[in-house]
Amino acid sequence: MSVLELSGISKTYDVNPPITALNGLDLSVDPGEKVAIFGESGAGKSTLLNILGLLDTASAGEYRLAGLDATKLSAKQTDLVRSEHIGFVFQDFHILGHRTVAENLTIKLAISQVPRSRRQSLISSTLEQVGLSHRENSLGRLLLGGEKQRLAIARAIMNEPALLLADEPTGNLDSRHAHAILDLFDEQADKGAAVVIITHDERIARWAKRVLTLRDGRLHA
Ligand code: ADP
């Protein structure tokens with residue numbers, strides 16, 4: 001079964017004149033698949049990312065995620081499904097600067113309703129995985145750029161989401177750091193996650209198993 005399946009997804013913004021950002025888009029991604037999505041500015045990448053991440057709804061079409069009909073969920077169910085099944089790596093990381101590294105992760109686990117008794121061990125093992133154990137008690141704002149990136153990834157992969165979504169995760173990184181990030185994504189894919197990355201980075205195109213381009217509101221191989 002696919003992790004996600006979009007069929008006939010359209011998104012029209014109700015401005016004057018209306019803008020159709022996505023137009024009958026189809027996409028199906030299986031467990032363990034690594035997909036890179038390219039597209040020029042204004043092609044609809046953010047719109048697609050928001051719909052995939054359940055942060056926005058389509059105007060038309062169907063979206064199934066982890067076997068659920070995402071278009072039929074209540075707001076509360078949507079929040080739960082998002083926190084349980086989707087790991088996001090946002091372009092600007094969304095790290096809380098006045099909280100410690102561990103607290104940044106605890107907040108995510110609380111939202112995902114992971115029992116308190118399991119949180120510390122999950123945090124420790126994930127920080128070890130991304131090489132940030134020594135920073136557990138540092139404030140978010142004191143992290144270096146590459147460390148923030150790794151914390152963002154730690155937060156996204158901590159509860160092993162079915163879908164890992166990333167927006168330009170290797171932007172500004174030298175090749176050593178970029179490869180370290182892609183290695184972390186590989187580990188998630190090996191565990192069965194579908195990995196979907198919106199990017200301009202040719203290194204990700206070489207790494208991904210499937211490269212798609214968003215154009216005219218649809219995806220092209
Ligand atoms: P990309 O991320 O590839 O640059 P976007 O998804 O941001 O593309 O935008 C696709 C199109 O939809 C653009 O024409 C953009 O101006 C328009 N658009 C995006 N968000 C909105 C919005 N909230 N309201 C109106 N138009 C929007």
Side-chain angles (χ1 to χ4, degrees), residues 2-29 33-65 69-76 78-79 81-83 85-95 145 148-149 152-153 155-157 161-173 178 181-182 185 188 193-221:
S2 303
V3 173
L4 70 89
E5 190 137 20
L6 299 177
S7 57
I9 290 287
S10 294
K11 177 71 179 182
T12 300
Y13 290 106
D14 197 9
V15 287
N16 190 12
I19 294 177
T20 297
L22 304 177
N23 191 6
L25 177 148
D26 299 320
L27 173 67
S28 166
V29 186
E33 260 200 294
K34 300 182 275 189
V35 181
I37 297 178
F38 282 72
E40 290 180 358
S41 178
K45 300 181 298 297
S46 308
T47 301
L48 176 59
L49 197 67
N50 289 340
I51 290 172
L52 283 173
L54 301 178
L55 296 169
D56 197 2
T57 52
S59 315
E62 285 177 19
Y63 179 16
R64 295 191 73 81
L65 172 66
D69 184 344
T71 47
K72 297 220 166 68
L73 301 172
S74 68
K76 202 171 168 192
T78 300
D79 288 343
V81 169
R82 187 191 309 111
S83 65
H85 295 298
I86 303 177
F88 270 107
V89 182
F90 295 98
Q91 196 168 7
D92 49 4
F93 314 138
H94 293 199
I95 303 278
K148 282 191 181 151
Q149 211 133 1
I153 290 173
R155 190 180 49 200
I157 66 178
L163 170 61
L164 188 58
L165 274 180
D167 187 7
E168 210 64 79
T170 50
N172 306 324
L173 288 188
I181 302 280
L182 294 177
F185 289 162
Q188 295 307 302
V195 183
V196 177
I197 303 183
I198 306 269
T199 187
H200 290 105
D201 191 338
E202 290 296 332
R203 294 173 297 196
I204 292 186
R206 287 193 291 274
W207 166 86
K209 287 288 173 294
R210 248 164 99 196
V211 179
L212 302 171
T213 304
L214 188 53
R215 191 176 353 102
D216 302 327
R218 295 186 193 198
L219 289 166
H220 305 266

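What you see below is based on every heavy atom in this structure, not just the backbone, and it leaves out hydrogens, waters and symmetry mates. Model, not experiment: these values are computed from the prediction. Atoms within each ligand, like the ligands themselves, are counted from 1 in listed order.
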**Item:** Contact check, K11 vs ligand 1, heavy-atom distance below 4.0 Å
**Value:** no
Here the atoms of ligand 1 under 4.0 Å from any heavy atom belonging to E40 are 3 (O)
The reported gap from CZ in R64 to CD in E5 (rounded to nearest 0.5 angstrom) is 8.5 Å
Next on the checklist: Any salt bridge linking D79 with R82? Criterion: basic side-chain nitrogen under 4.0 Å from a carboxylate oxygen.
Outcome noted: yes
Query raised in the report: Crowded around D69 CG? As in, over 12 foreign heavy atoms under 6.0 Å?
Result: yes
Hey, are the side chains of Y63 and L52 touching, using non-hydrogen atoms and a 4.5 Å cut-off?
yes
What one should report as the nearest heavy-atom pair of P169 and I197 is CD-CG2, 3.5 Å
min-distance protein heavy atom vs atom 8 (O) of ligand 1 -> G44 N, 3.0 Å
The atoms of ligand 1 lying under 4.0 Å from a heavy atom of S41, numbered in the order shown, are 4 (O)
With sequence neighbours left out, the residues meeting side-chain contact (heavy atoms from CB on, under 4.5 Å) with Q91 are D167, E168
Nearest non-hydrogen protein atom to atom 9 (O) of ligand 1, with distance, is T47 OG1, 4.0 Å
Atoms of ligand 1 under 4.0 Å from any heavy atom of V15, numbered from 1 in the order shown, are 25 (C)
shortest atom 20 (N) of ligand 1-to-protein heavy-atom contact is with Y13 CZ, 3.3 Å
query: Heavy atom of G39 under 4.0 Å from ligand 1?
result: no
Checklist entry - Can you check side-chain contact (heavy atoms from CB on, under 4.5 Å) on K11 and I9, steps first, answer last? => result CA-CA 7 Å; K11 177 71 179 182; I9 290 287; 5.6 Å; no
Taking every heavy atom of P161 against every heavy atom of G87, the minimum-distance pair comes out as CB-N, 3.4 Å
shortest atom 14 (O) of ligand 1-to-protein heavy-atom contact is with I19 CG2, 3.7 Å
Nearest non-hydrogen protein atom to atom 4 (O) of ligand 1, with distance, is G42 N, 2.7 Å
Here the atoms of ligand 1 under 4.0 Å from any heavy atom belonging to A21 are 10 (C), 11 (C), 12 (O)
If you scan protein heavy atoms around atom 2 (O) of ligand 1, the nearest is S46 OG, 2.7 Å
